[in-house]
**Q** 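Take a look at the following structure, please.
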Amino acid sequence: MSIRDAGPGDFPQILALNQQSVDALSPLNESRLQALHADAAYHRVYESAGRAEAFLLVLREGSAYDSPNYRWFVQRHPAFLYIDRIVVSADLQGRGVGRALYADLLAFAASSSVGLVTCEYDVEPLNAASQRFHDSFGFREVGTQAVGTAGKRVSLQALKIAWRGRDATGQAKGFSSLTPVAK
């Protein structure tokens, strides 16, 4: 089992994983996935037995991404990493795979010196598993908004990262604390 960069060979499995969780995510087809992958700051998979069993796709500010949730953060923050979606196969849910991907993302954020990680999850209808997961990392609500036409509402979340600084080569040493962001 390993975490590695996603590539086009993973796209069929990523699309299948997304479809399994489409009620909590936006739909995804191959052309949309190709565009998101090309624009992603971070797109990694959790691989087991040669197969992508989970994925995490993240964008930075400056993307042309048209998601209303991403655009909400663009309007309010000059620099951030936006978690567009994370999906873990049903067989591996509850086994720490999502936590491993998030830990890897936070290490990436440290190496990129990005001090804010953002995301959203559904609150109408409530995605309680996502709420508990993000609460456990210290994400806090910084806003809400209605999306789509079916009465869906999301909680816009952020986590501020404090850095330890850089070593003699200029590499980020990592984060020293994760701090909830006040509204």
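Just so it is clear, the model here is predicted, and its values are computed rather than measured.
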**Q** What's the spacing between Asp84 CG and Ser26 OG if we round to 0.5 Å?
**A** 6.0 Å
**Q** Less than 4.5 Å apart, any side-chain heavy atom of Leu81 and any of Phe108?
**A** yes
**Q** Looking at Ser67 and Tyr82, what are the two nearest heavy atoms and their distance?
**A** OG-OH, 3.8 Å
**Q** Do Val87 and Leu36 land in one hydrophobic cluster if side-chain heavy atoms of ILVMFWY residues count as linked below 4.5 Å?
**A** yes
**Q** How many angstroms lie between atom OG of Ser2 and atom CD of Glu47, to the nearest 0.5 angstrom?
**A** 4.5 Å
**Q** Side-chain contact test, heavy atoms from C-beta onward, threshold under 4.5 Å: evaluate it for Val45 versus Arg4 and give yes or no.
**A** yes
**Q** Between Asp91 and Ser89, do the side chains contain a donor N or O and an acceptor N or O under 3.5 Å apart?
**A** no
**Q** Considering only heavy atoms from C-beta outward, does the side chain of Tyr42 approach that of Leu105 to under 4.5 Å?
**A** yes
**Q** Can you see which heavy atom on Gly143 is nearest to which on Trp72, and at what distance?
**A** CA-CZ2, 3.9 Å
**Q** Does the side chain of Ser112 pick up a donor-acceptor pair with the side chain of Arg60 at under 3.5 Å?
**A** no
**Q** Verify side chain to side chain contact (heavy atoms under 4.5 Å, CB included) between Arg140 and Asp135, making sure each step is shown before the conclusion.
**A** CA-CA 7 Å; Arg140 293 295 177 260; Asp135 284 354; 4.1 Å; yes
**Q** Would you give the length of the straight line joining atom CG of Leu116 to atom NZ of Lys160, rounded to the nearest 0.5 angstrom?
**A** 8.5 Å
**Q** Ignoring hydrogens and geometry beyond distance, is a side-chain donor-acceptor pair present between Asp104 and Tyr46 at under 3.5 Å?
**A** no
**Q** Could you grab the distance from atom NE2 of His43 to atom CG of Leu56, nearest 0.5 Å is fine?
**A** 8.0 Å
**Q** Report yes if some heavy atom in the side chain of Val117 is under 4.5 Å from a heavy atom in the side chain of Phe139; otherwise report no.
**A** yes
**Q** Checking Asp66 against Arg71 for the salt bridge (Lys or Arg N to Asp or Glu O under 4.0 Å) test, could you report, in this order, the C-alpha distance in whole Å, the side-chain angles of both residues, the deciding distance, and whether it holds?
**A** CA-CA 7 Å; Asp66 61 358; Arg71 291 276 150 224; over 6 Å; no
**Q** Got a salt bridge between Arg32 and Glu30, using NZ or NE/NH1/NH2 to carboxylate O under 4.0 Å?
**A** no
**Q** I want to check something: taking the side chain as every heavy atom from C-beta on, are Gln145 and Val147 in contact at a cut-off of under 4.5 Å?
**A** yes
**Q** Check each of Thr118, Leu159, Leu59 against Phe80 using the side chain to side chain contact (heavy atoms under 4.5 Å, CB included) test, and report the only one that passes.
**A** Thr118
**Q** If I take atom NE2 from residue His134 and atom OG from residue Ser155, how far apart are they, to the nearest 0.5 angstrom?
**A** 10.0 Å
**Q** Just checking Phe55 against Phe11, ring centres under 6.0 Å apart?
**A** no
**Q** Are Tyr102 and Phe133 an aromatic pair, judged by ring center distance below 6.0 Å?
**A** yes
**Q** For the CG atom of Asn127 and the CZ atom of Arg132, what is their distance to the nearest 0.5 Å?
**A** 8.5 Å
**Q** Is there a side-chain contact between Leu15 and Gln19, using heavy atoms and a 4.5 Å cut-off?
**A** no
**Q** Does any part of the side chain of His77, heavy atoms only, come nearer than 4.5 Å to the side chain of Glu61, both counted from C-beta?
**A** no
**Q** Does the side chain of Glu53 come under 3.5 Å of the side chain of Ser48 through a donor N or O and an acceptor N or O?
**A** no
**Q** Please tell me if the side chains of Lys152 and Asp122 come closer than 4.5 Å, counting only heavy atoms from C-beta onward.
**A** yes
